[in-house]
Undergrad: 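Sending over a structure as structure tokens; questions will come in a sec.
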Amino acid sequence: LTFTLLFASVAVGTLNVISVGFGILFVGLAVDFAIQFSVRFREYRLIAGDADTAMALTARLAGPQILVAALTTAQLNAINTTTLGGLTTTQVTSLSTTQVAGLSTTALNRLGTTDLVALTTTEIGALTTAQLRGLTSIQFGLMTSTQFAGLTSTKLSTLTTTQISAINTTDIAALTTTQLSGLTSTDLGALTTTQLSSVTSSQLGALTSTQLSGLTTTEVAALTTTQFAGLTSYQISQFGSVRFPGLTSTEIGALTTAQLAGLTSAELAALTTTTNGLQIVRANAVEQTQTSYNRALVGMLDGLTTASALPK
């Protein structure tokens, strides 16, 4: 501190009130780790009742965490693979957001699976988009839903399709609708049918038409009746007539008249490419409350060209 003030006096010439304030800041930074060490020493002395034992416990248990927290990002990046992989979970969680954000993608890839899972939500949230894109698909598969909660929709939108396809089903089901809004239609198209089955009806209902257009025929066919129930007629229409023939009889039968009414004649024709499919849709509409709205839908269904007459 003395040499710093001396250099400032020589280089600048005079020091003002603001310059003196930096001296107080330097002193605060210098004693910060000493305060943490002293607090832990006091705690262990109350437990052990002996100063020598308390000092040894403090040095062994608190010392490594304080040492890691004192390292700069440049120092952390300079640690070799073996040493960095040897950090304990407690040491990893003691890293500040500044230290985490300053790590290179190479340094992040050095972290072991246990270390990666040990990162807190705040630390995950501090990762830059470049750092996230540098993580491997294996690392993404190991992340917990609590850690994913630290990612914003903007950061999720920067992930590669390979990374997204590696996210486990529990993490996908835990994503908020706000986070899902960051996924593109290409991202949704990269989801496996297993991943898609974990998406809740409320999550699916919050997706935009542009996002839904990215679902493939296989993905649409894999949706459950519960998931279909969360979709509006407009969302269903965004699947496009090309994807409708892939729906199963169970999925077709679960559609409500309100959902069917939003479809055009061409989309209804694609939805009921077989006589059986058309009968299921018509029976579903007939069984529901016979308002003029529903009767009009039945009439529209009856007007479609089919291979055989439908029973009335």
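Residue numbers count from 1 along this sequence. These numbers come from the heavy atoms of this one structure, side chains and all, not from hydrogens, waters or symmetry mates. Computed from a predicted model, the values in this text were never measured in an experiment.
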Undergrad: Looking at CG of L135 and CG of L159, how far apart are the two atoms once the value is rounded to the nearest 0.5 Å?
TA: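 Nearest 0.5 Å value for the CG-CG distance: 9.0 Å.
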Undergrad: Applying the 4.5 Å side-chain criterion to the ILVMFWY set and letting contacts propagate, would I47 and L57 be lumped into a single cluster?
TA: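 In one cluster with I47: L57, yes.
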Undergrad: Measure across V100 and E123 and return the closest heavy-atom pair with its distance rounded to 0.1 Å.
TA: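 Looking at all heavy atoms of both residues, the shortest contact is CG1-O, 3.5 Å.
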Undergrad: Would you check if the side chain of Q227 reaches a backbone N or O of V199 as a donor-acceptor pair within less than 3.5 Å?
TA: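 Yes; judged by distance alone, with no hydrogens or angles, the pair exists.
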Undergrad: Is there a donor-acceptor pair under 3.5 Å between the side chain of K155 and the backbone N or O of G150?
TA: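 Such a contact is absent between K155 side chain and G150 backbone.
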Undergrad: Distance from I172 atom CD1 to T192 atom OG1, nearest 0.5 Å?
TA: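 Going from CD1 on I172 over to OG1 on T192, the span is 6.5 Å.
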Undergrad: Determine whether the side chains of S202 and T200 contain a donor N or O and an acceptor N or O closer than 3.5 Å.
TA: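 Yes, side-chain donor-acceptor contact under 3.5 Å.
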Undergrad: Output, in order, the C-alpha distance, side-chain angles, deciding distance and verdict of side-chain contact (heavy atoms from CB on, under 4.5 Å) for T121 and I124.
TA: CA-CA 5 Å; T121 305; I124 290 293; 5.8 Å; no
Undergrad: Between the side chain of Q179 and the main-chain N/O of L156, is any donor-acceptor distance below 3.5 Å?
TA: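 Flag not set: sc Q179 to bb L156 has no pair under 3.5 Å.
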Undergrad: Can you see which heavy atom on R133 is nearest to which on Q163, and at what distance?
TA: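 Shortest heavy-atom contact: O-NE2, 3.3 Å.
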Undergrad: Does CD1 in I138 sit with more than 12 non-hydrogen atoms of other residues, nucleotides or ligands closer than 6.0 Å?
TA: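 No, because the 6.0 Å sphere around CD1 of I138 holds 12 heavy atoms or fewer from other groups.
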Undergrad: Closest approach of S181 and S153, non-hydrogen atoms and distance?
TA: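 Scanning both residues completely, I find the closest heavy atoms to be OG-CB, 3.9 Å.
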Undergrad: To the nearest 0.5 Å, how far apart are CG in L204 and CG in L196?
TA: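 If I round to the nearest 0.5 Å, the distance is 7.0 Å.
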Undergrad: So among D187, L191, T184, which one has a side-chain contact (heavy atoms from CB on, under 4.5 Å) with T161?
TA: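 Of the listed residues D187, L191, T184, the side-chain contact (heavy atoms from CB on, under 4.5 Å) partner of T161 is D187.
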Undergrad: For a quick test of reading the model, state the closest non-hydrogen atom pair linking F140 to L132 and the distance between them.
TA: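 The answer is CE1-O, 3.5 Å.
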Undergrad: Atom OG1 of T194 and atom CG of N168: how far apart are they, to the nearest 0.5 Å?
TA: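 The CG atom of N168 is 12.0 Å from OG1 of T194, to the nearest 0.5 Å.
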Undergrad: To the nearest 0.5 Å, what is the distance between CG on L183 and CD on Q203?
TA: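 So the CG of L183 and the CD of Q203 are separated by 10.0 Å.
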Undergrad: What pairs with T154 under side chain to side chain donor-acceptor pair (under 3.5 Å), at least two apart in sequence or on another chain?
TA: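 Checked T154 against side chain to side chain donor-acceptor pair (under 3.5 Å); zero matches.
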Undergrad: Heavy atoms only: give me the nearest S198-A173 pair and the separation to one decimal.
TA: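 So the two residues come closest at O-CB, 3.4 Å.
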Undergrad: Once rounded to the nearest 0.5 Å, what's the spacing between atom OG1 of T193 and atom CD of E219?
TA: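 Spacing of OG1 (T193) from CD (E219) equals 8.0 Å.
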Undergrad: Quick one: side chain to side chain donor-acceptor pair (under 3.5 Å) partners of T97, sequence neighbours excluded?
TA: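 None.
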Undergrad: Taking all non-hydrogen atoms of both residues, which atom of F41 and which atom of A51 are closest, and how far apart?
TA: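 Looks like CE1-O, 3.5 Å.
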